[in-house]
Amino acid sequence: MYGTKLLTAVGLYANNGIVPIVYAVVEKETRDTWSWFLNYLSIDLEIDDHGGWTFMSDKKKGLLEEFNDVLTFVSHRFYVRHLYGNFRRTGFSGFSLRSALWATAKSTMVKFFHDRMSDLLNLDANVVSWLSDKPPSEWSRSHFNPNAKCDILLNNMCESFNSMILEARVKTIITLLEKLRYILMARIQADKDKGEKWNLGDVCPRIKDILHRNESAAAAFIPQKSNKWNYEILGESMDDNWAVDLHNKTCSCRKWMITGYPCKHAISAIWAKNDERIYEYAILPINGSQLWPKSNKIPPLPPKNVKQKKGRKQKLRKKEFDEA
């Protein structure tokens, strides 16, 4: 497909897998072609002005401007891998700067974001100046809109899709489109067949694996109940405390809100809440024997032919031979 461009939109479904949404062949990547593509995408997905949609891209030429014109109400994110590529091309290199940039992007709390930005400032003041015109809502988890329920920072979705169609991309337009149709038809059916075998309720396999890892990490925390729904989760150090609200499904680390599944602190609180439910059904108080109703049953009699053992009755249980 030499001399033309393939525009695609790829989504993420509940099992953290990719689902191709739309693709189109255009002559060039220009503002006009992106405007045409995004307008039809908006119509097909019925995107309105109520928000709730989040798009990620590598900010191709003209794309961001058309997002602002056509899809004004959506949130926009920037692949951090492309951000880091531009970061290096600007002249910021070295392991320390790379680690500090990724730590800033992975921070889920605003305070941690500012702490990591301070680390970058100490390493190279020019880095902070370079990042100043890049809104953190586009590249750091600390400022992500929680409506998306997704915390990805990489462009793995598009890379996976490109690897699927690698052979088809070099074909002529008609052959390309036919190969894409066949590839997607087979993939959708294969994913459907897998889904029918899961039998896991509302939790998909990959999310279940993440929850298992969070459960293992939750064992290191101690939940302290504050009221019916709120818990303070205590870690190993004095500053490792987290506030969890089970009713609103929030944690002060923000991971629960960003991803949509409970973080390790939330799971610790959920365990404590479940423990309380074990004792939900209490033994209720009763009146004294003077208020007991009279029974028509024959009163119980002592057992017959019971031989009384000599000596004092043993009160303690008999110990095994190897017990102290």
Side-chain angles (χ1 to χ4, degrees), residues 9-12 16 18 21 31 34-35 37-38 41-42 45 47-90 92 97-121 123-159 242-243 245 248-261 263:
V10 181
L12 199 67
N16 277 354
I18 66 167
I21 298 172
R31 289 196 60 173
W34 278 120
S35 176
F37 181 79
L38 293 178
L41 179 65
S42 176
L45 295 181
I47 299 175
D48 52 31
D49 58 0
H50 296 299
W53 290 88
T54 299
F55 284 80
M56 292 189 72
S57 75
D58 54 3
K59 291 188 176 180
K60 290 284 187 182
K61 184 179 180 181
L63 176 57
L64 196 58
E65 293 82 359
E66 290 308 314
F67 262 112
N68 294 333
D69 290 343
V70 179
L71 298 172
T72 309
F73 300 95
V74 303
S75 299
H76 201 84
R77 295 183 189 174
F78 186 28
Y79 296 133
V80 179
R81 183 171 293 169
H82 286 277
L83 178 70
Y84 175 65
N86 295 338
F87 183 80
R88 289 189 62 185
R89 282 190 287 273
T90 306
F92 304 119
L97 281 174
R98 177 183 181 276
S99 299
L101 177 68
W102 279 98
T104 309
K106 292 178 181 179
S107 299
T108 58
M109 299 175 63
V110 174
K111 181 187 182 303
F112 289 174
F113 170 81
H114 289 304
D115 290 343
R116 302 293 80 78
M117 287 292 285
S118 297
D119 295 340
L120 282 169
L121 181 64
L123 290 170
D124 191 334
N126 293 325
V127 173
V128 177
S129 176
W130 183 79
L131 289 170
S132 62
D133 64 342
K134 299 166 181 59
S137 60
E138 294 183 357
W139 61 275
S140 175
R141 289 172 177 165
S142 59
H143 291 73
F144 281 177
N145 187 331
N147 291 337
K149 296 295 180 281
C150 178
D151 66 345
I152 61 172
L153 300 169
L154 305 175
N155 60 337
N156 293 344
M157 292 186 296
C158 290
E159 289 181 355
W242 307 91
D245 183 340
N248 293 310
K249 298 182 179 179
T250 62
C251 176
S252 54
C253 77
R254 293 190 74 247
K255 290 182 181 178
W256 196 359
M257 295 94 84
I258 296 173
T259 62
Y261 44 78
C263 59

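This one's a predicted model, so the numbers in the text were calculated from it and none came from an experiment. Residue numbers run from 1 in the order of the sequence given.
Every ring pair (Phe, Tyr, Trp, His ring centres under 6.0 Å) that Phe113 has, sequence neighbours left out, goes to Trp139, His143. By the ring pair (Phe, Tyr, Trp, His ring centres under 6.0 Å) test, Tyr79 pairs with His82, sequence neighbours left out. Residues satisfying the ring pair (Phe, Tyr, Trp, His ring centres under 6.0 Å) criterion with Phe67, sequence neighbours excluded, are Phe55, His76. Residues passing the salt bridge (Lys or Arg N to Asp or Glu O under 4.0 Å) test with Asp151, sequence neighbours excluded: Arg141.
The CG atom of Asn147 sits 11.5 Å away from atom CE of Met257, with the distance rounded to the nearest 0.5 Å. Taking CE of Met109 as the reference point, atom OG of Ser140 lies at 12.0 Å (rounded to 0.5 Å). Between atom CG of residue Leu121 and atom CG of residue Leu131 there is a gap of 11.0 Å, rounded to the nearest 0.5 Å. With rounding to the nearest 0.5 Å, the separation of OG1 in Thr90 from CG in Asn126 is 10.5 Å. Atom CG of residue Asn86 and atom CH2 of residue Trp130 lie 5.5 Å apart, to the nearest 0.5 angstrom. Rounded to the nearest 0.5 Å, atoms CE (Met157) and CG (Asn16) are 10.0 Å apart.
In this structure, Ser252 contributes its side chain and Ala243 its backbone to a donor-acceptor pair below 3.5 Å. Formation of a donor-acceptor pair under 3.5 Å by the Ser132 side chain with backbone atoms of Ser129 is found in this model. Judged by distance alone, the side chain of Asn155 and the main-chain N or O of Cys158 form no donor-acceptor pair under 3.5 Å.
Of all non-hydrogen atoms in Leu153 and Phe144, the two that sit nearest each other are CD2-CZ, 3.7 Å. When every heavy atom of Arg254 is checked against every heavy atom of Ser142, the shortest pair comes out as NH1-O, 3.0 Å. Of all heavy-atom pairs spanning Leu38 and Leu71, the tightest one is CD2-CD1, 4.2 Å. The two residues Cys251 and Trp242 come nearest to each other via the heavy atoms SG-CB, 4.3 Å. In terms of heavy-atom proximity, Asn68 sits nearest to Thr72 at O-OG1, 3.1 Å. In terms of heavy atoms, Leu120 sits closest to Thr104 at CD1-OG1, 3.6 Å.
Using cut-offs of 30° and 60° on the angle between ring planes, the pair Phe87 and Phe92 is tilted.
Sorted by first and then second residue, the salt bridge (Lys or Arg N to Asp or Glu O under 4.0 Å) pairs involving residues 103-117 (not counting sequence neighbours) are Lys111-Asp115, Arg116-Asp119. Judged as a salt bridge (Lys or Arg N to Asp or Glu O under 4.0 Å), the pairs with a partner in residues 64-77 (not counting sequence neighbours) are, in order, Arg31-Glu66, Arg31-Asp69.
At most 12 heavy atoms of other shown residues, nucleotides or ligands fall within 6.0 angstrom of atom NZ in Lys249. Within a 6.0 Å radius of OH in Tyr84, more than 12 heavy atoms belonging to other residues, nucleotides or ligands are found.
Using a 4.5 Å cut-off on side-chain heavy atoms (C-beta onward), Asn156 and Glu159 make contact. Counting heavy atoms from C-beta on, the side chains of Ile21 and Leu41 come closer than 4.5 Å. In this structure, Val127 and Leu97 have side chains that are in contact, with non-hydrogen atoms separated by less than 4.5 Å. Side-chain contact check for Thr54 versus Cys150: every heavy-atom pair is 4.5 Å or farther apart.
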